[in-house]
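One structure below.
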Amino acid sequence: MSSSRKIKSALISVFHKDGLDEIIKTLHQQGVTIYSTGGTQAFIEGLDVPCERVEDLTSYPSILGGRVKTLHPKVFGGILARRDNEGDLQQLAEYNIPEIDLIIVDLYPFEATVASGAPLQDIIEKIDIGGISLIRGAAKNYKDVIIVPSKDQYADLLNVLKEQNGESTLEDRFKFAAAAFGVSSHYDSAISNFFNKDKDDMERISLNDGEVLRYGENPHQKATVYKYNNIKEGASLANANVLQGKALSYNNMLDADAAWKAASDAYHSVNHIEGKQAVAVVKHLNPCGLAVTNDITKSLELAWAGDPISAFGGIICFTGTVTGAIAEWFSKRFVEIIIAPEFTPEALEVFAKKKNLRLLETPIKNEITGEKLIRSVSGGILVQDEDEGVDNEFKNVTKLEFEATKMELAKFGITACKHLKSNAIAIVTENEDGSFWLTGAGMGQPNRLDSLRHLTMPRFDLKEGVKIENSVVISDAFFPFRDSIEAANEYNVKYIVEPGGSIRDEEVIEACNEFGIAMLFTGKRHFKH
């Protein structure tokens, strides 16, 4: 028996009708009998195409407010019957069940309804029952039936109809079935995660829309990026619009995400600057520059000045519109990626001269997204909450009071520090105009003392307006010994913020008292491995 099959009948039941009209007209032209229900039936008949009602086939009306329409043996018998099984064919004839060769389904938008913040009952009503059953039944019988599980496959079906005159191969049907099981699996995962969102020991991970990247962490490694479908606007770097430049690599995506999160978090951490604009410069996942001012160009200049050597070949993220003047600023500077919520036409015209420069357009990150962080280990994966929000609880632990005027700067510094790889130390400075910037960063060392000594301290005297005694030093975790305080004192540090929690806290506090350093405890660690 030939593996090719001509489509003679189709059942169509979809939520979204976009792109369906050409398929319906083509099916009609090819003499295909079409069955449908409800709104889809009305849509088909509105195209002047005859349509058989499923109610007439089953002798049952749509009931329970539309919850039950296609769930009937005369529908599923026609889908699941094996065309090479004599017993199945005899039963179709006995019960007057027509063969159904094509199923077109588009499920209720469950994820979009959840993301919209709709009430619980609206969400429950978007759990598709009949549609998911049609998908699974037709996909199981792919040897004989074509299943189109979503509007994403409309173009592929149209190709079969027009290029192959409605005759599908076994390979065609297998591909449609593979897509169908992907759709049903993802749909069930989304529903499971909604119902189990408060369970820390259960997470269904289902990813679609994979895009092959230029290469992985190194050129000999393959890599793919998968995008979540249910992320609200302003909460996804993966869904950024790529305006120009060569293909992104694995490292590019990681660095871009780090820059986007650092700039967004810095923006949210500062409240005293009207019309604030944040800029982050990231290299190898670490911010080497970060600033918030009331002028986007000044923020860029301060972020770049934080560590201009490391900024070469870096990734830049803006929280405001990139103009032509900013684009000109980069004319003699090499960077890999620039991210912003918007680029003016003038900026795009200037950047077009740098063909390899990637431009990513996306809104800034929401302050709290609730997104999970996922990493792999040998034989499994790790899932944790993202470290979001701004620290607001502080305890003065030294004889010298931490100046109240430094508190906003401390919050900015904690934000900057938590984006550095542990062990992390950050130094932040406030200019006379009230702008904040990251003026020193030490990170990724196996001990905290080395992170402190590897700061850009020797270059501080070259940074205009920076006085270390007026800056604030932040540690992402407690100082285990007084040696770090002794090192900070060598540089004339006068303000330190750390979580506290060491068994030697008193020793560290005493060192601060000895050197006249004011220290705050936050009670919250911000490791970033």
Side-chain angles (χ1 to χ4, degrees), residues 5-58 62 66-71 75-76 78-79 98-113 125-139 141-142 144-168 172-173 175-184 186-187 208-209 229:
R5 293 206 173 276
K6 180 77 171 178
I7 298 172
K8 298 178 182 178
S9 61
L11 171 60
I12 306 175
S13 180
V14 300
F15 185 86
H16 294 105
K17 315 297 190 297
D18 298 344
L20 190 61
D21 50 351
E22 189 174 0
I23 289 174
I24 290 170
K25 291 176 182 178
T26 304
L27 289 171
H28 178 55
Q29 291 168 1
Q30 295 178 353
V32 175
T33 300
I34 299 176
Y35 298 90
S36 192
T37 63
T40 306
Q41 176 191 327
F43 177 80
I44 295 170
E45 292 174 342
L47 297 173
D48 292 327
V49 172
C51 179
E52 300 286 340
R53 300 195 313 162
V54 168
E55 292 93 328
D56 294 336
L57 172 64
T58 64
S62 172
R67 282 188 166 193
V68 180
K69 295 190 287 282
T70 58
L71 297 169
V75 173
F76 282 86
I79 295 170
E99 295 179 2
I100 302 178
D101 306 314
L102 168 66
I103 302 294
I104 304 177
V105 181
D106 184 38
L107 298 171
Y108 294 155
F110 178 83
E111 287 180 281
T113 305
E125 289 306 316
K126 289 300 184 289
I127 298 176
D128 206 313
I129 303 300
I132 205 75
S133 300
L134 290 170
I135 287 175
R136 291 182 66 84
N141 201 28
Y142 73 88
D144 301 307
V145 179
I146 297 180
I147 172 61
V148 178
S150 81
K151 59 184 179 180
D152 294 338
Q153 282 75 43
Y154 284 179
D156 294 332
L157 173 63
L158 201 56
N159 181 66
V160 170
L161 296 177
K162 291 190 171 183
E163 301 298 323
Q164 300 169 209
N165 195 31
E167 189 167 302
S168 67
D172 293 330
R173 297 191 295 277
K175 288 181 179 178
F176 279 108
F181 284 121
V183 168
S184 65
H186 181 81
Y187 197 74
N208 290 324
D209 305 322
N229 295 331

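Bear in mind that the values here come from a model prediction, so they are computed numbers and not experimental data. Computation of the quantities below employed the complete heavy-atom set of this structure, encompassing side-chain atoms and omitting hydrogens, waters and symmetry-equivalent molecules.
A side chain to side chain contact (heavy atoms under 4.5 Å, CB included) with T40 is found for one member of V54, V14, I104 and no other, namely V14.
For N165, the side-chain contact (heavy atoms from CB on, under 4.5 Å) partners are K6, Q30, not counting sequence neighbours. Y187 meets the ring-ring contact (aromatic ring centres under 6.0 Å, His included) test with no other residue; sequence neighbours excluded. Considering only residues two or more places apart in sequence or on other chains, E125 meets the salt bridge (Lys or Arg N to Asp or Glu O under 4.0 Å) condition with R67. In terms of the ring-ring contact (aromatic ring centres under 6.0 Å, His included) criterion, F43 has no residue partners (sequence neighbours excluded).
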Solution key, residues 126-138 side-chain donor-acceptor pairs under 3.5 Å, sequence neighbours excluded:
from, atom 1, to, atom 2, distance (Å)
D128, OD1, G131, N, 2.7
D128, OD2, Y108, N, 3.1
S133, OG, I129, O, 2.9

Mind listing the side-chain donor-acceptor pairs of residues 151-160 below 3.5 Å, one per line with the distance, residues two or more places apart or on another chain?
from, atom 1, to, atom 2, distance (Å)
Q153, OE1, S150, N, 3.4
Q153, OE1, S150, OG, 2.9

Contacts table for residues 32-39: side-chain donor-acceptor under 3.5 angstrom, sequence neighbours left out:
from, atom 1, to, atom 2, distance (Å)
S36, OG, I12, O, 2.7
S36, OG, Q41, N, 3.2

Report all side-chain donor-acceptor pairs from residues 18-28 shorter than 3.5 Å, counting only partners two or more places apart or in another chain.
from, atom 1, to, atom 2, distance (Å)
E22, OE2, K162, NZ, 2.2
T26, OG1, E22, O, 2.7

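For K17, the NZ atom counts as densely surrounded, since its 6.0 Å shell holds more than 12 non-hydrogen atoms of other residues, nucleotides or ligands.
With values rounded to the nearest 0.5 angstrom, I100 atom CD1 is found 5.0 Å from I79 atom CD1. Distance check, rounded to the nearest 0.5 Å: CZ of F176 to CG of L102 gives 8.5 Å. Annotation: the span from S13 atom OG to L107 atom CG amounts to 9.5 Å, rounded to 0.5 Å.
A139 and A180 make their closest contact through CB-CB, 3.9 Å (heavy atoms, listed as atom of the first residue, atom of the second, distance).
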query = Can you list the steps and then say if E99 with D144 is a side chain to side chain contact (heavy atoms under 4.5 Å, CB included)?
reply = CA-CA 10 Å; E99 295 179 2; D144 301 307; over 6 Å; no

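Sorted by first and then second residue, the pairs that involve residues 100-110 and meet salt bridge (Lys or Arg N to Asp or Glu O under 4.0 Å), not counting sequence neighbours, are R83-D101.
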